[in-house]
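Remember, predicted model here, so these are calculated numbers, not experimental data.
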Amino acid sequence: GCSRCVQHLLLSRQLATKKAKGKGQSQAKVNISAALVEDIINLEETSEDMQAVIEALKEDFSRNLNVRTSPGALDHITVVTKDGKFPLNQLGQISQKSPQLLTVNMTSFPESTAAAAKAIRESGMNLNPEVDGTVIRVPVPKVTREHRESLAKLAKQSTNKSKEALRKVRSKSITQVKKSKNKVSEDTIWLLEKQIQQMADEAAAEMDKLLAAKTKELLG
């Protein structure tokens, strides 16, 4: 009736099969049932945190790294006004007049026109807005090879930042596991650390795939 003994028995059994696979087979998958170790660490939460980092990277790619400037690309540019920070699409009406021209109509918040133009200019999207009364005209630049390459570099930088965030999730989880080292066996700790590392490796591999696809799309 001792759940801790059952847990240890199951983990030892997992460990025995790991070790039986022989040296040089260190890539054997660890797959600990989250329920067995829930009093040591919430593995599902670790997995969710890692997934959240991947989702944020996807979001960054689709929102900020596009070769073609579309009206949607301007939506979430942050405008700093005296009343706080707002996404551009809450202050102005964004429309596409032609493939070469977007406009932002600031009639509803005319006092924020200059701030909005500044935010567009500093968005890192290679845009040079022109203010005409309460309308901001945004010529869409021709896509140069140089622009594509600079976007691909930004994609790589974003991926590296995300991997840094992933490493923090991994370290935090491993630290959490180590706190239980007086309560559970070394084998259990070792298995859990291996499982967390494996989760992090899988998440990093998914990021690499996203980066490869994005780079291909950007460089055309």
Quiz item: What is the distance from atom CE of M207 to atom CD of E202, rounded to the nearest 0.5 Å?
Solution: 12.5 Å
Self-check item: Salt-bridge present (E206, K209; N to O < 4.0 Å)
Solution: no
Quiz prompt | Heavy-atom donor-acceptor pair, S112 side chain to A115 backbone, under 3.5 Å | solution = no
Quiz item: Is the number of heavy atoms from other residues, nucleotides or ligands within 6.0 Å of NZ (K58) greater than 12?
Solution: yes
Quiz item: To the nearest 0.5 Å, how far apart are CE in M106 and CD1 in I94?
Solution: 9.5 Å
With a 3.5 Å cut-off and sequence neighbours excluded, list the donor-acceptor pairs that the side chains of residues 128-146 form with protein atoms.
unit_1: T144; atom_1: OG1; unit_2: H147; atom_2: N; d: 3.0
unit_1: R145; atom_1: NE; unit_2: E149; atom_2: OE2; d: 3.4
unit_1: R145; atom_1: NH1; unit_2: L219; atom_2: O; d: 2.9

Quiz item: So how far is it from K179 NZ to I41 CD1, rounded to the nearest 0.5 Å?
Solution: 10.0 Å
Quiz prompt | Stepwise side chain to side chain contact (heavy atoms under 4.5 Å, CB included) check, N105 with S95 | solution = CA-CA 8 Å; N105 189 326; S95 46; over 6 Å; no
Exercise. Return the minimal non-hydrogen interatomic distance between Q90 and F109, and the atom names on each side.
Key: O-CE1, 3.6 Å
Practice problem: Compare every heavy atom of I196 with every heavy atom of M50, then report the nearest pair and how far apart it is. | Solution: CE-O, 4.0 Å
Quiz item: For atom CD of Q93, is the number of surrounding heavy atoms from other residues, nucleotides or ligands below 6.0 Å larger than 12?
Solution: no
Exercise. May I ask you to say whether K194 pairs ionically with D187, meaning some side-chain N is under 4.0 Å from a carboxylate O?
Key: no
Practice problem: Scan side-chain atoms only and decide if D83 and T81 contain a donor-acceptor pair under the 3.5 Å cut-off. | Solution: no
Quiz item: How far apart are the closest heavy atoms of R148 and L218, and which atoms are they?
Solution: NH1-O, 2.7 Å
Exercise. State the CG-NZ distance between D208 and K163, to the nearest 0.5 angstrom.
Key: 3.5 Å
Only pairs under 3.5 Å count here: list side-chain donor-acceptor contacts from residues 153-160, not counting sequence neighbours, and write none if there are none.
unit_1: S158; atom_1: OG; unit_2: D60; atom_2: OD2; d: 2.7
unit_1: S158; atom_1: OG; unit_2: L154; atom_2: O; d: 3.2
unit_1: T159; atom_1: OG1; unit_2: A155; atom_2: O; d: 2.8

Practice problem: Kindly determine whether L74 and L127 satisfy side chain to side chain contact (heavy atoms under 4.5 Å, CB included), including the steps that lead there. | Solution: CA-CA 10 Å; L74 303 185; L127 300 172; 3.6 Å; yes
Quiz item: How close do L166 and A203 get, heavy atom to heavy atom, and via which atoms?
Solution: CD1-CB, 3.7 Å
Quiz item: So how far is it from E193 CD to R170 CZ, rounded to the nearest 0.5 Å?
Solution: 10.5 Å
Practice problem: Give the minimum heavy-atom separation between V104 and G92, together with the two atoms involved. | Solution: CG1-CA, 4.0 Å
Practice problem: Calculate, to the nearest 0.5 Å, the distance between atoms CD1 and NZ belonging to I40 and K183 respectively. | Solution: 7.0 Å
Exercise. Before accepting this row, confirm whether a basic side-chain N of the pair R167/E164 lies closer than 4.0 Å to the acidic partner's carboxylate O.
Key: yes
Quiz item: Heavy atoms, side chains only, cut-off 4.5 Å: are Q176 and N42 in contact?
Solution: no
Practice problem: Work out which heavy atom in M199 is nearest to a heavy atom in L43; give both atom names and the distance. | Solution: CE-O, 3.6 Å
